[in-house]
Amino acid sequence: MKTVNLELFNNPDTVNKLSIAIKNESEKLNKPIKIMHICGTHENSIVRYGIRNLLPENITVIAGPGCPVCVTSSKDIDAVINLSLSKNVKILTFGDMLKVPGTEMSFYKAKSLGADIKMVYSVFDAIELARSASKPCIFFACGFETTAAPTASALRDINIPGNFFIYSAHKYTPNGVYALLKSGKINMDGLILPGHASAISGLKVYERFVEDFNIPCVSAGFESVDVLLSVLLILKQINNKKPKIENGYKRVVNYEGNKNAQKALEDVFYLTSAVWRGLGSIDSTGYELRNEYARFDAKKQFDIIYSDNYIEHQKGCRCNEVILGNISPTQCPLYAKLCTPQNPVGPCMVSDEGTCKNWYDGGIE
Amino acid sequence: MNKITLDHGSGGKLTLELIETVFKAKNGLDSAIIEDIAFTTDSHSINPLFFKGGDIGKLSVSGTVNDLLCVGAKPLYLSSAFIIEAGFDMEKLEKIVESMTKEAENANVKIVCGDTKVVENGKCDGVYINTSGIGKIIKPIDGQRVKDKDVVIVSGTVGDHGFAVLNERENLNLSSSLTSDVSNLTHLLIPLIESESDIKFIRDPTRGGLAMCLNELCYNRDFGVEIYEEDIPVREDVRVMSEILGIEPYYSANEGKVIIVASAESADEVLHILKQNELGKNAAIIGKITKDNPKKVVLHTKFDTKRILKMPVADKMPRIC
């Protein structure tokens with residue numbers, strides 16, 4: 001395996017050179033621009049490295065719908081919490097899902113009421129736990145392509161114990177962002193493509209963003225140099241009036257994507273409409289298990305009860321606008337006052353990929 | 001109804017609130033200073049009990065010894081109280097006691113009294129140990145004299161303990177070299193306390209790590225702290241693990257390090273004394289006290305950007321000490 005020295009991607013000299021190049025390029029802009037990224041980990045890097053401090057005033061980088069936990073609907077959370085409280089089952093899920101508020105409560109709260117809920121680091125971790133468990137174990141599977149692919153591969157390729165089930169809340173990013181763009185709910189002058197998710201899907205699936213909306217699209221890694229490079233490449237495309245797909249993360253991403261992962265996704269899941277938290281139902285964005293995998297499908301094997309009265313955002317919470325990049329966290333009246341990581345009102349204050357959580361942790365007031 | 005959560009024991013903001021609102025006490029120094037006596041107590045509930053670099057026995061001695069040292073005292077006597085779960089292996093218990101004895105000898109302290117309780121199987125994981133300690137003040141160090149332009153020094157690499165324990169407990173297998181830094185700091189700190197250096201504050205950044213420790217330092221004070229990322233020593237394996245887990249080393253616990261605030265004039269001497277000892281070989285000046293951002297810890301990145309290092313609210317790594 002090739003090893004990469006990540007220090008190079010955080011080299012202060014390189015960062016400085018890129019900052020200067022961005023400044024020079026920004027002077028050619030004829031209006032202020034807005035660049036959106038759609039990956040929570042990018043927001044994490046941007047806050048952590050203080051990238052916004054390095055950008056000229058006429059360039060704004062905003063976070064779009066890139067936090068999988070944040071777009072997981074209360075409808076799904078409520079249904080699984082209800083199951084956990086009414087049946088003798090064990091629910092397994094990722095750490096950052098635990099504190100996300102549903103309509104009435106979070107998994108964390110359900111746990112304190114006696115539900116059997118355990119945090120896992122991966123689907124494989126969940127399967128191992130199920131092997132030693134004496135009751136049905138349901139993996140509440142959320143995440144974009146990056147986590148959907150391992151879920152698919154596990155179900156297809158390894159020996160799964162009979163008591164292991166999946167509740168899929170996995171979502172497919174490109175279709176979601178495309179639909180939001182088309183409906184006018186989000187807008188931007190340039191798009192930083194996700195790093196991990198693009199490694200799976202490849203860059204080709206973003207061609208229609210360029211074709212249909214003339215938006216420059218550049219993939220980026222997560223180090224300071226990666227993020228700045230993507231901003232610079234987008235600026236150059238805007239100034240040259242030649243929007244295209246560009247790969248700024250060649251050490252991980254390519255045009256075609258990971259064929260094995262795509263095959264696993266295709267074999268195990270099909271895409272159908274899914275509810276995105278606060279954004280409503282979006283066609284062809286939800287990964288559901290194919291019939292061949294019905295025996296693992298918690299939605300088919302258990303009596304899941306969905307309520308029509310689920311609440312995505314509590315009164316005052318503006319997470320849905322934050323998710324779309326239409327407001328910044330500090331514009332929400334609850335931010336850092338009533339809504340904090342210890343007492344999150346909305347989903348964006350929970351996960352390390354959530355915009356509000358990143359801003360809060362970075363001390364932005 | 002309000003309930004205690006694991007986060008109340010994180011050593012972060014919620015612990016601080018619990019101390020202030022329920023215990024109606026002030027979150028003070030690592031030890032109480034009573035005339036020329038330092039007195040402290042600490043309970044240990046780490047999971048796993050044995051980890052690379054130490055075990056709960058070593059930790060329970062070094063933790064209390066270090067708390068005494070932090071107020072400028074020479075540690076003298078410890079008590080040890082065990083809460084043991086029925087069914088616990090005798091052999092393991094012997095191993096724990098053996099490492100307590102060894103660590104106490106190394107730290108020049110005597111364990112002079114103790115207590116043993118056994119609870120039903122399933123009521124505690126293996127063993128919990130409380131130790132209390134008494135020391136004699138050489139030079140009281142209480143943080144009161146900390147002021148603008150003082151320097152902030154760390155005695156070595158940060159974050160080792162938290163990541164080492166997490167790596168083992170969660171079977172992450174992310175690093176085979178990762179070892180806890182758990183150690184008493186008697187031989188590192190006594191020469192410093194006995195020296196003429198103008199030391200104003202010492203604290204061991206345990207739970208909540210460097211970030212918590214510095215936030216406590218300027219909590220409700222009229223100054224803030226500025227630190228420089230490139231000057232903070234971090235082991236390579238810790239850095240890699242922190243990248244993978246997305247937890248910064250500044251929030252990870254240490255059990256054999258101290259943060260020292262000294263006057264600018266004394267900084268070089270302090271560094272010199274620390275570096276005489278193996279445990280202080282990576283000591284470094286990482287920042288300074290400032291009037292510019294009162295009550296806040298500002299981290300300067302290597303790119304000359306700034307961000308606030310917040311007081312951790314809850315622990316990303318519970319039960320590590």
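In this text, all values refer to a predicted model and were calculated from it rather than measured experimentally. Here is the naming used below: chain letters follow the sequence lines, and residue numbers restart at 1 for every chain. Because only heavy atoms are used, hydrogens play no part in the values below, and waters and symmetry mates are left out as well, while side chains stay in.
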How far apart are the closest heavy atoms of A:Tyr360 and B:Lys13, and which atoms are they? OH-NZ, 4.0 Å
For B:Phe303 against A:Ser224, the heavy-atom pair lying closest together: CZ-OG, 3.0 Å
Heavy-atom pair of closest approach, residues A:Pro12 and B:Lys302: CB-O, 3.6 Å
Cut-off 4.5 Å, heavy atoms of chain B, and the answer for A:Phe222 is neither
Structural part of B:Glu229 lying under 4.5 Å from a heavy atom of chain A: neither
Crowding at NZ, B:Lys52 (>12 non-hydrogen neighbours, <6.0 Å): yes
Need one label for A:Asn10: side chain, backbone, both or neither, based on atoms under 4.5 Å from any heavy atom in chain B. both
Most heavy-atom pairs under 4.5 angstrom with chain A, which of B:Thr301, B:Asp304, B:Val298, B:Leu309? B:Thr301
Just checking B:Lys295: does its NZ atom have more than 12 heavy atoms from other residues, nucleotides or ligands closer to it than 6.0 angstrom? yes
Does the pair A:Arg48/B:Glu243 count as a salt bridge with the N-to-O cut at 4.0 Å? yes
Check whether more than 12 heavy atoms from other residues, nucleotides or ligands sit under 6.0 Å from atom NZ of B:Lys296, and answer yes or no. no
Atom CD of A:Gln342 and atom CD of B:Glu17: how far apart are they, to the nearest 0.5 Å? 5.5 Å
If you tally heavy-atom pairs under 4.5 Å between each of A:Asn16, A:Val47, A:Val15 and chain B, the highest tally belongs to A:Val15
Backbone of A:Tyr49 reached by a side-chain donor or acceptor of B:Thr305 within 3.5 Å: yes
Is the count of non-hydrogen atoms from other residues, nucleotides or ligands lying under 6.0 Å from B:Glu168 atom CD greater than 12? yes
Is it true that a side-chain atom of B:Arg307 and a backbone atom of A:Gly50 form a donor plus acceptor pair closer than 3.5 Å? no
Would you find more than 12 non-hydrogen atoms of other residues, nucleotides or ligands less than 6.0 Å from A:Lys135 atom NZ? yes
